[in-house]
Amino acid sequence: SDAIERHPDYAKTPKEAMCIILEEIGELAQSINDGNREGAKVELFHCLATLCRLYGMFLQDDISVAAILGQRQIMHWQ
């Protein structure tokens with residue numbers, strides 16, 4: 001895919017992936033603020049693609065939510 005070709009060294013950890021996702025969300029917000037509908041569509045797709053890649057990291061490595069957020073935060077949710 002285009003994203004993999006453009007960014008072959010995607011994040012190696014979920015924390016790195018979140019940084020990329022937040023950057024993409026910022027680009028989406030900028031396109032929306034500029035009134036650039038076509039640009040917003042592209043950036044929305046980039047957001048979705050980076051979220052899917054993060055999800056793929058969870059599927060591939062079976063990373064638990066507790067490992068990312070820490071046991072303390074998980075306990076708070078319960």
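Every heavy atom of this structure was used, including side-chain atoms; hydrogens, water molecules and symmetry mates were not.
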Taken to the nearest 0.5 Å, the spacing of Ile20 CD1 from Arg53 CZ works out to 7.5 Å
Here the pair of heavy atoms bringing Met18 nearest to Leu54 is SD-CD2, 4.0 Å
Is Glu23 close to Glu27 at the side-chain level, that is, under 4.5 Å between some pair of heavy atoms?
yes
Correct closest heavy-atom pair for Ala40 and Ser31 would be N-CB, 3.5 Å
Here the pair of heavy atoms bringing Glu24 nearest to Thr50 is CG-CG2, 3.9 Å
- When hydrophobic residues are tied together by side-chain contacts of less than 4.5 Å, even through go-betweens, does Phe45 share a cluster with Leu51? no
_Quick check: do Cys47 and Ile21 have side-chain heavy atoms less than 4.5 Å from each other?_
no
